[in-house]
Structures are given as C-alpha cells and as structure tokens.
Amino acid sequence: MPEPQYEDGQTMAPTGAGGAVDLATSEGERLERPPSAASGGQAPAGPEGTGPSGKPRSLWSDAWRDLRRNPVFLISGVVILFLVFISLWPSALTSGNPLDCDLAKAQQGSQPGHPFGFDGQGCDVYTRTVYGARTSVTVGVLATLGVAVLGSVLGGLAGFFGGGWDAVLSRITDMFFAIPVVLGGLVLLSVVTSSTVWPVIGFMVLLGWPQISRIARGSVITAKQNDYVQAARALGASNSRMLLRHITPNAIAPVIVVATIALGTYIALEATLSYLGVGLKPPTVSWGIDISAASQYIRNAPHMLLWPAGALAITVLAFIMLGDAVRDALDPKLR
C-alpha cells in the first residue's frame, strides 16, 4: 500500500493503538514542547500536599499557609502587633506622664487633649491606659516563656525516659493542680513587698508549668513511638540527637498552642491579682490597679473603669483568638 501523502504544515502523532492521527503543525509543536515551556516557563504544580517542586510540604509550611488565609489570625495578629508597638514605644501615642496627676481634675470627664478623662487622683486615664499595656504584655510574655520552657523540659524528659522520673513528676504535677491559682496568689504574694513585675511572673511560672509539662509529656510519648524515631534508635542515634532532631520538632506544636492561649490567661490573672491588691503595686502602672481604683467610683465616673477594662478585655480576647487560630492550623485532625 502506498504511503499516505500529507500536505505541508501537517505532522503525525502516534496513538495508543499503534496508529497515527493527523495534526496541524501548531498542535504538533505544542505536544513536543516540554511542560515548562507549555505552562509559560513555570513548573507545573505538584499534587495536593506537595509544593511546586513536587516535594511534600511540612506541617509548619501548611500551618503558615492556613494562618495567612484565616481572618481570625489576621485580626488578632494586627491587634497584638499594635499592643506590642505601644508597649515598646508608648510615647508614640501620648506625650503625657502616667504619674502626673492634678487633684483639681479628679473624676472629670473627657476634655480636649484628654479623651478618656481623669481618674480619682486626677491622672489622665488615656495615658495610664496606654502605659498599662507595657506592664500587661511584659508579664504575659515573660510568664508564658518561663512556663513553656520549664514545663517543656521537665515534661519532655519525663515522657522520653519514663520510669521513676516520670512517676515522680506526675505526682508533683498532681500536687500543683490541687492548688487554686487565685488562692495561691493571695497566700504567696501577700508577703511580697516588691512593686516590680518579677514576683508576679515567678508566681505564674511556679503554678503554671504543670499544665505545659503534662502536654509536653503526652506529646513526647506519642512522638517517640513513631517509626522514624525507632529507625534512628536502631542506627545508633544518641538520646540527645533523637530528642533535638526527631522528637522535639514533631512534639512542640501542642505546647505552642497551649502557651499561646495561656498568654491571654496570664494577662487576665495579673489584672485579677492586682485588683485584689496582691499583684502589682503602685507606682507601677497596670490595668488591674486602675480597675481596682475605679471600682468604687463606677456610679459617679464610669469612664475610669470603662477604658482600662475594655483594653484588658480586647487584649485577652486577641491572644485567645490567636491561640485558637494556631490550634486549628497545627492540628492535623482538623484538616
């Protein structure tokens, strides 16, 4: 049989059955191009769960991608960044001194240059509210760091080694869980005369580490049973290498979630202890101190209570919302 003749501008493309079909020149060129050229110079995206190069994405990259798309995270993140900014540079929002008071203006309402009015001592409520953010954020962040580090180390070691160390730590944590936090603060801080933030931070770390310790212990016990840890142990990896390289990166996520949520709780706890008179003490500027001083004037001058209490509520809510968003992003069961 004579070979079929094709006009100029046509080409042949094989079929799955061993035959051929006629294609126009443009279609034939398109089939012969590499995938990168056909997609405009960009590598094709990999399947779901992989990056553009086809490599599997890590838990942290997936979490960051989800967080960027979460409006709760974005809103709470903006609020927290603003709080951090005014904590570091309160003079950027006010030029006043929170300790400058004028008794002649005590309990007066809003005035030009003093939008929040004055408190019972004639101090500017706006200035004290701005400077109060520094104390609350400092106490919350330092207490959370101390609790997270101490609880993670003790709980992680107990979960990894087990045995008697695990049993002793479990009984100690049970003892601390039996102590009411507010009652413990009333007892321990009532004998402290310092007006700095360190006694309050130390108290929070002392009573807060058992929660993080128990979370870290359970997370390490789960992680050390995975196949990659058993393979590293079989290859002769040391305990320190397994803890730092294989277990900690895969067990730290629950600790981060709990610590983020607890940060807002510690800020509220500091305000509660200061309100009860055993936390921070004057001349330290604190939302809890201002709320305590304004509670007796709530009928005559409600603005004294409204602004510091509102700032405290927004701060605690922002950190709790951030913790919820981080939890949803880091929990594989919610995907």
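Hydrophobic clustering, with ILVMFWY side chains joined whenever heavy atoms are under 4.5 angstrom apart, keeps Met304 apart from Trp287. Both Ile179 and Val147 are assigned to one and the same hydrophobic cluster, defined by single-linkage of ILVMFWY side chains at heavy-atom distances under 4.5 Å. Tyr131 and Leu280 fall into different hydrophobic clusters, defined by Ile, Leu, Val, Met, Phe, Trp and Tyr side-chain heavy atoms under 4.5 Å apart, directly or through other members. Linking Ile, Leu, Val, Met, Phe, Trp and Tyr residues whenever their side-chain heavy atoms come within less than 4.5 Å places Val316 and Val79 in a single cluster. Hydrophobic clustering keeps Leu81 apart from Phe73 (ILVMFWY residues linked when any side-chain heavy atoms are closer than 4.5 Å, directly or through intermediates).
Under the 4.5 Å side-chain criterion, counting only non-hydrogen atoms from C-beta, Leu142 is in contact with Trp198. Counting only heavy atoms from C-beta outward, the side chains of Gln107 and Asp119 never approach each other to under 4.5 Å. Contact check for Val139 versus Tyr266: no side-chain heavy atoms found under the 4.5 Å cut-off. Leu276 has its side chain within reach of Leu186: a pair of non-hydrogen atoms, C-beta onward, lies under 4.5 Å apart. The side-chain heavy atoms of Asp166 and Phe160, taken from C-beta on, include no pair separated by under 4.5 Å. For the pair Val255 and Ser219, the minimum side-chain heavy-atom distance is 4.5 Å or more. Counting heavy atoms from C-beta on, the side chains of Leu312 and Ile291 come closer than 4.5 Å.
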Item to check | Candidate pair Leu188 and Leu206, rule side chain to side chain contact (heavy atoms under 4.5 Å, CB included), full reasoning | outcome: CA-CA 11 Å; Leu188 296 177; Leu206 178 63; 4.1 Å; yes
Next on the checklist: Pair Leu99, Val285 - check side chain to side chain contact (heavy atoms under 4.5 Å, CB included), show working.
Outcome noted: CA-CA 8 Å; Leu99 301 180; Val285 180; 4.3 Å; yes
Next on the checklist: Using the rule given for side chain to side chain contact (heavy atoms under 4.5 Å, CB included), can you reason through Val326 versus Ile261, listing the C-alpha separation, both sets of side-chain angles and the distance that settles it, and then say yes or no?
Outcome noted: CA-CA 9 Å; Val326 173; Ile261 298 176; over 6 Å; no
Item to check | Audit row: Ile289, Thr135, side chain to side chain contact (heavy atoms under 4.5 Å, CB included) steps and yes/no | outcome: CA-CA 11 Å; Ile289 295 176; Thr135 303; over 6 Å; no
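For the residue pair Ala325 and Asn70, the shortest heavy atom distance occurs at CB-ND2, 3.7 Å. Scanning both residues, Asp124 and Gly117, for their nearest heavy atoms gives OD1-O, 3.3 Å. When every heavy atom of Gly151 is checked against every heavy atom of Ala216, the shortest pair comes out as O-CB, 4.2 Å. Annotation for Arg134 and Pro90: closest pair NH2-CD, 3.0 Å, computed over non-hydrogen atoms. The nearest pair of heavy atoms linking Leu263 to Gly140 is CG-O, 3.7 Å. Listed here is the closest heavy atom pair of Ala133 and Ser87: O-OG, 3.3 Å.
No donor-acceptor pair closer than 3.5 Å links the side chain of Arg217 to the backbone N or O of Gly159. Although no hydrogens or angles enter the test, the distance criterion places no donor-acceptor pair under 3.5 Å between the side chain of Ser76 and the main chain of Phe319. Lys224 contributes no side-chain N or O that, together with a main-chain N or O of Thr222, makes up a donor-acceptor pair within less than 3.5 Å.
Heavy atoms from other residues, nucleotides or ligands lying under 6.0 Å from CG of Asp227 number 12 at most. Summarising the local packing, OH of Tyr275 is surrounded by 12 or fewer heavy atoms from other residues, nucleotides or ligands at distances under 6.0 Å. Within a 6.0 Å radius of CZ in Arg245, no more than 12 heavy atoms belonging to other residues, nucleotides or ligands are found. When the shell of 6.0 Å around CD of Gln108 is examined, it contains more than 12 heavy atoms from other residues, nucleotides or ligands.
Note: Ile86 CD1 to Ser91 OG = 11.5 Å, rounded to the nearest 0.5 Å. Between atom CH2 of residue Trp209 and atom CZ of residue Arg214 there is a gap of 9.5 Å, rounded to the nearest 0.5 Å. To the nearest 0.5 Å, atom CG of residue Leu273 and atom CE of residue Met204 are 6.0 Å apart. Between atom OG1 of residue Thr127 and atom NE2 of residue His114 there is a gap of 8.0 Å, rounded to the nearest 0.5 Å. Note: Leu83 CG to Ile314 CD1 = 8.5 Å, rounded to the nearest 0.5 Å. Taking CG of Asp66 as the reference point, atom CG of Asp328 lies at 9.5 Å (rounded to 0.5 Å).
The side chain to side chain contact (heavy atoms under 4.5 Å, CB included) with Phe203 is formed by just one residue from the set Val278, Val192, Leu189; it is Leu189.
In this pair, Trp307 and Phe116 present their aromatic rings parallel. The plane angle is below 30°, not in the 30 to 60° band.
For Ser286 and Thr284, the side-chain atoms include no donor-acceptor pair closer than 3.5 Å. Side-chain contact annotation: Asn226 with Tyr228, donor-acceptor N/O pair under 3.5 Å present.
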